[in-house]
Amino acid sequence: IQWFPGHMTKARRQIEDKLKLIDVVIELLDARIPLSSRNPMVDEILKGKPRLVLLNKNDLADPKATAEWVQYFADQGLPAFPIDAATGTNVKEILPRVKQLWAHKIEAMLRKGINPRAIRALIVGIPNVGKSTLINQLAGKKIAATGDKPGVTKGQQWIKVGTEMDLLDTPGILWPKFEDQMVGMRLAATGAIKEELLHLDEIALFVIKYMVQHYGAGIQERFGVQDLPDDMDNIQEMVKVMEAIGRKRGCIVSGGKVDLDKTSLIIIRDLRAGKMGRISLEKPF
Ligand code: GDP
C-alpha cells in the first residue's frame with residue numbers, strides 16, 4: 001500500500017469506529033524495528049485506551065535488543081513483551097496481560113454487583129507486521145474473511161478467545177512513517193514496504209553497514225567475507241564487500257563480474273528469512 005493523506009484519513013476513521021466498541025488495544029510492532037514499525041500518531045489515535053505492546057517476529061530479532069526494547073516501553077508505562085505470531089510463541093501470555101489492564105474495571109463492576117462481560121480487544125499495526133497471523137493464532141483456527149461468503153453479513157465479528165476475551169476479527173490498519181529515510185530503509189529491509197520503492201543496492205548496503213557496526217564479530221562468518229572495510233562511508237570499500245558476498249553466492253555474470261543487483265536481493269532475502277541469524281535493525285538507545 002502506498003499511503004496518501006486520503007488513505008490515512010480513511011484508516012484513522014476506520015480505527016476510530018472500532019475503538020468505540022473495544023476496551024483494550026493490542027499494538028503490534030516488528031521486534032526488529034519497534035519504532036520504525038510504529039505509527040507516528042498512535043498515541044493520538046488511540047486516545048488513552050489501555051494498551052499492550054507486542055513485539056512480533058521475535059524469532060528473527062536479536063533477543064538482547066528485544067530485551068532492551070521491552071524495558072524501553074516499560075519506562076514509558078507501556079507493558080510490552082515479545083511474541084512469534086507465526087508459531088504461537090508467547091501468544092498464551094496475551095490474555096493474562098490484557099486482563100491485568102482491565103482488572104480495575106472488572107473489580108468496579110463486581111463491586112456494583114454487575115456480572116462482568118468479556119474484555120473486548122482490537123489488534124492494530126502497520127501492514128505486514130503480522131496482525132492476521134496473530135488473529136488466526138488467537139482464534140485457534142483460520143478465520144474466513146467475512147465479506148466473501150454469500151449470505152454472511154458484512155460488519156464486525158467477534159472472535160472468542162476463551163470466555164474472557166472477545167477480539168475483533170478485523171485489525172486496525174495503521175500507516176508507517178515515511179519522512180525519515182532511515183525509517184524507510186528499515187521498513188524495506190524487513191519487508192514491511194515493497195523493496196521496489198527503494199533501490200535494492202541501497203537497502204543491501206544499509207543492512208551490511210548496520211551488521212558491521214552492531215554485529216561486527218559475527219559478520220565475517222555470516223557473509224563469508226575476509227576483510228571488513230575501515231570506512232563504511234566509503235562506497236568503493238562497501239562495493240568490495242558486496243562483491244565478496246556476491247562471489248561467495250555465485251552471483252556472477254559473463255566476464256566474471258559480480259551481479260550486484262542479484263547479490264543485493266540475496267542479502268535482503270537472507271536477512272528476512274533469518275538465514276543470517278537473529279538480527280535487529282534498530283536499538284532504543
Ligand atoms: P498483516 O498485514 O499485519 O495482517 O500481516 P500478516 O499476518 O499477513 O503477516 C505478514 C507476513 O509476516 C506473513 O508472511 C507471515 O507469515 C509473517 N509473520 C507473521 N508473524 C510472524 C512471526 O512471528 N515470525 C515470522 N518469521 N514471520 C511472521
Side-chain angles (χ1 to χ4, degrees), residues 1-3 7-8 10-12 14-15 18 22 25-40 42 45-46 51-63 65-67 69-70 80-94 97 121-148 156-157 159 161 167-178 183 186-197 207 265 267-282:
I1 310 171
Q2 266 209 281
W3 294 89
H7 291 116
M8 295 180 192
K10 191 171 170 220
R12 182 169 182 159
Q14 281 173 345
I15 288 201
K18 291 178 204 276
I22 64 111
V25 177
I26 297 169
E27 186 188 4
L28 205 54
L29 303 177
D30 187 317
R32 297 165 294 175
I33 52 165
L35 284 192
S36 293
S37 61
R38 193 168 215 213
N39 176 277
V42 70
I45 293 169
L46 300 180
R51 190 184 346 162
L52 179 63
V53 172
L54 298 179
L55 303 171
N56 191 37
K57 308 195 186 184
N58 189 47
D59 53 317
L60 299 173
D62 173 357
T66 300
W69 281 112
V70 166
F81 64 94
I83 62 162
D84 309 339
T87 59
T89 306
N90 274 357
V91 166
K92 282 206 162 54
E93 288 299 309
I94 296 173
R97 300 293 277 269
L122 168 71
I123 293 173
V124 304
I126 65 168
N128 260 318
V129 73
K131 299 180 296 299
S132 314
T133 309
L134 179 59
I135 290 173
N136 284 324
Q137 194 63 249
L138 282 167
K141 56 177 190 283
K142 257 224 159 329
I143 300 298
T146 42
D148 54 16
Q156 294 301 342
Q157 304 280 326
I159 294 160
V161 182
L167 182 68
L168 266 191
D169 72 337
T170 51
I173 301 171
L174 291 166
W175 58 96
K177 43 191 168 191
F178 293 106
V183 171
R186 294 185 196 108
L187 289 168
T190 53
I193 58 174
K194 286 197 179 71
E195 57 240 15
E196 298 91 85
L197 296 178
V207 169
L265 198 60
I267 291 167
I268 296 163
R269 296 245 166 100
D270 277 6
L271 174 83
R272 289 182 186 171
K275 285 185 187 162
M276 301 196 290
R278 296 178 67 178
I279 290 164
S280 296
L281 294 174
E282 191 172 47

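When a residue number appears, it is its place in the shown sequence, counting from 1. Computed over heavy atoms, backbone and side chain alike; hydrogens, waters and symmetry mates excluded. Being a predicted model, the structure only gives us computed values, none of them experimental. Counting convention: from 1, in listed order, for ligands and their atoms alike.
Remark: minimum distance from atom 12 (O) of ligand 1 to any protein heavy atom is reached at Lys57 NZ, 3.0 Å. Distance from atom 5 (O) of ligand 1 to its nearest protein heavy atom, with residue and atom name: Gly130 N, 3.1 Å. Here the protein heavy atom with the shortest distance to atom 10 (C) of ligand 1 is Asn128 OD1, 3.3 Å. With respect to atom 20 (N) of ligand 1, the closest heavy atom belonging to the protein is Asn56 ND2, 3.2 Å. Taking atom 4 (O) of ligand 1 as the reference point, the nearest protein heavy-atom neighbour is Ser132 OG, 2.6 Å. Protein heavy atom at the shortest distance from atom 15 (C) of ligand 1 is Thr133 OG1, 3.8 Å.
In this structure, Asn90 and Pro82 approach most closely via the heavy-atom pair ND2-O, 2.7 Å. Heavy-atom minimum distance, Ala85 versus Asn56: N-OD1, 2.8 Å. Annotation for Ala189 and Leu281: closest pair CB-CD1, 3.7 Å, computed over non-hydrogen atoms. Shown here for Glu282 and Leu35, the closest heavy-atom pair between the two residues is OE1-N, 3.0 Å.
In terms of polar-atom proximity, defined here as any N/O pair under 3.5 Å, Asp84 makes no such contact with ligand 1. At least one N/O-N/O distance between Val129 and ligand 1 falls below 3.5 Å. Checking only distances, Pro127 never comes within under 3.5 Å of ligand 1, N or O to N or O.
Without hydrogens or angle criteria, Trp3 side chain to Lys177 main chain gives no donor-acceptor distance under 3.5 Å.
Counting heavy atoms closer than 4.0 Å to ligand 1, residue Leu60 contributes side-chain atoms (C-beta onward) but none from N, CA, C or O. Residue contacts with ligand 1, taken as heavy atom pairs separated by less than 4.0 Å, do not involve Leu134 at all.
Partners of Lys131 by side-chain hydrogen bond (donor to acceptor under 3.5 Å, both in side chains), not counting sequence neighbours: none found. For Ile45, the side chain to side chain contact (heavy atoms under 4.5 Å, CB included) test picks out Arg12, Ile15, Asn39, Met41, Leu174, Trp175, with sequence neighbours left out.
Leu52 is not listed as a side-chain neighbour of Val25, based on a closest heavy-atom distance of 4.5 Å or more.
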**Study point:** Check against side chain to side chain donor-acceptor pair (under 3.5 Å), Thr170 and Lys18
**Key:** CA-CA 9 Å; Thr170 51; Lys18 291 178 204 276; 2.9 Å; yes

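Under the 4.0 Å distance rule, the nearest protein heavy atom to atom 22 (C) of ligand 1 falls inside the cut-off.
Every atom of ligand 1 with a heavy atom of Asp59 under 4.0 Å away is listed here by number and element: 22 (C), 23 (O), 24 (N), 25 (C), 26 (N).
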